[in-house]
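Only one structure is covered here, and it is reproduced in the block below.
Every number for a ligand or one of its atoms is a count from 1 in the order of the listing.
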Amino acid sequence: MKFDLNLAQRNDVWTSLVKQLESYYSETDKHKASVYPSREEVVRFLNADFENPIPVEVAIEQVIKGLTDYAVHTPHPQYFGMFNPRANFPSILADVISAVYNPQLAAWGHAPYAVEIEHLLIQEIGKKFGYRSPDIDGVFATGGQEAHITGLLCALHEKYPDFASSGVRGLKKQPIVYCSSASHHATIKAARVCGLGGEAVKYIPVDEKQRMLVSELERQIKEDEAAGLQPFFVFATMGTTGSGAIDPIKEINEMAEKYDLWVHADAAYGGAVRLTDSYSKLLDGIEGADSITFDAHKWLSVPMAASLFITKHRYVLGKAFSISANFMPEEEDEIDRLGSYTHSIQWSRRFIGLKLYLPLLVFGWKGYEETIMHQIRMGDYLRQALQKHGWNIYNHTQLPIVCFTDERLEDDSDFSKFIYEKTLEKGNTWIINYPYEEFATLRACITNYNTQENHIDNLVNWLNENRKEYLKTPAEAGV
Ligand SMILES: *Cc1c(COP(=O)(O)O)cnc(C)c1O
């Protein structure tokens, strides 16, 4: 059949593709880290013509060129950006293997081995967070966003027994969701997707380290109760995207106990420290949360999209996602329970878990611990290198995220913008301007396990040069 190509063609394509991919993978640092083409240029390059098919080699060449020239190179060791990792090699192979076998994970019977692998990973990672089997359940999701939505839906079904049939229409009191003002906006999107609306989310102020002020949480809960609303859910962020802040989860758990809230720990990024001995304790108390979001496609260095939703309420996913009329979660067959069509927002499902299983088989927990520790050390090195060259650090975290600027320019958002625009223009690195409290800081994060001291030195040198360039125009800079 034409769709298969023939064996000889396939052999040629595999060979040449592997060569091209390997050249990118082993020499990622020969490329620019960032690009910022005009939209016209990209559309012009795209130039797709489905009326006139082209040979597969030509098509692949085109795609590789497009991805090389028109993408921020997140696998680059001088990409100091958001939590987009370089993908470790076994996890890349996993994506290829999944695509070839294309197992359907909706039901255990269709892909028993794959379903059992995901089940095992949920159990093992659940234990890392301090949950106890056999209570642990969970599901692989496409990302933190889907895991958040899953958590909110579980809580709604748990709290409101008729939610599966009547949804938000049946609620007597409006449910209220809390998160800190420094939390990821996936919280508000989750509330909107679940039909609660953005106004159901109340942002709680943070302290000087950007951690949720639990006294303010309680004040807001009381105010909402008095207004006839129903406080019912709180997101606790275990490592904020902007500055790596970790909410005081033990106190949040106590508050949840007192007011009957569901606690969802957003450990999308920070959850990785649970795989280390030395930093695991930063997340102590997370075992008290009802459910957790943990992204594998961030600090576990696997390709997008891979996240874990984990809960200590074994039957709640079935309550939320099984569609059979008389579904009794406690009575469900264990094998039904494992198939995702009763346990996930998704129906047909890709084998997401293999991206984590293969690297764990190859490197083990120890291998993960080593790379995570390396990145934490590189974060320390970055802080020291910046301070040595007269840059001031504004955030407070042990995670490798640094919010910084020159103290003389801390009120000058033109400066942070200047630096950000320069990164796009020159393309040798990628960092972002991110306001920390009232300060116009820049944010750099170690997201790549291959980032070494020399890459950090390059970043700091480059920052120093640009600061000099900016300060040459004191009239504009206002200093
Ligand atoms: C990235 C992130 C999210 C959103 O997760 P996605 O995987 O991008 O959908 C939520 N919370 C935090 C803290 C994050 O860093």
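- For ligand 1 and Gln145, the ligand atoms under 4.0 Å from any heavy atom of the residue are 5 (O), 6 (P), 9 (O).
- The shortest N or O to N or O distance between Tyr269 and ligand 1 is not below 3.5 Å.
- The protein atom (non-hydrogen) at minimum distance from atom 1 (C) of ligand 1 is Lys298 NZ, 1.4 Å.
- Ligand 1 has no nitrogen or oxygen under 3.5 angstrom from a nitrogen or oxygen of His184.
- Side-chain contact, Glu218 with Tyr259: a donor N or O sits under 3.5 Å from an acceptor N or O.
- Atoms of ligand 1 found under 4.0 Å from any heavy atom of Asp295 (numbered from 1 in listed order, with element): 5 (O), 6 (P), 7 (O).
- When every heavy atom of Leu308 is checked against every heavy atom of Ala296, the shortest pair comes out as CD1-CB, 4.2 Å.
- No more than 12 heavy-atom neighbours from other residues, nucleotides or ligands sit within 6.0 angstrom of NE2 on His185.
- Protein heavy atom nearest atom 6 (P) of ligand 1, with residue, atom name and distance: Gly144 N, 3.3 Å.
- By the neighbour-count criterion of 12 heavy atoms within 6.0 Å, atom NZ of Lys426 is densely surrounded, having more than that number from other residues, nucleotides or ligands.
- Here Tyr24 and His31 bring their ring centres to under 6.0 angstrom of each other.
- Side chain of Asp247 to backbone of Ile249: no donor-acceptor contact under 3.5 angstrom is found.
- The line from CD1 of Ile292 to NE2 of His148 is 12.0 Å long, rounded to the nearest 0.5 Å.
- Within the 4.5 Å cutoff, side-chain heavy atoms of Asn466 are placed close to those of Phe418.
- For ligand 1, the atoms sitting less than 4.0 Å from at least one non-hydrogen atom of Gly239 are 13 (C), numbered in the order shown with element in parentheses.
- Any N or O atom pair closer than 3.5 Å counts here, and His148 shares no such pair with ligand 1.
- Atom 11 (N) of ligand 1 has Asp266 OD2, 2.6 Å as its closest protein atom, hydrogens excluded (heavy atom only).
- Taking every heavy atom of Phe83 and a limit of under 4.0 angstrom, the matching atoms of ligand 1 come to 15 (O).
- Under the 6.0 Å distance and 45° angle rule, Arg219 does not count as a cation-pi partner of Tyr178.
- Residue Ala268 approaches ligand 1 through these ligand atoms, each under 4.0 Å from one of its heavy atoms: 2 (C), 11 (N), 12 (C), 14 (C).
- Ligand 1 lies less than 4.0 angstrom from a heavy atom belonging to His297.
- Contact annotation: for Met82 versus ligand 1, there are no heavy atoms closer than 4.0 Å.
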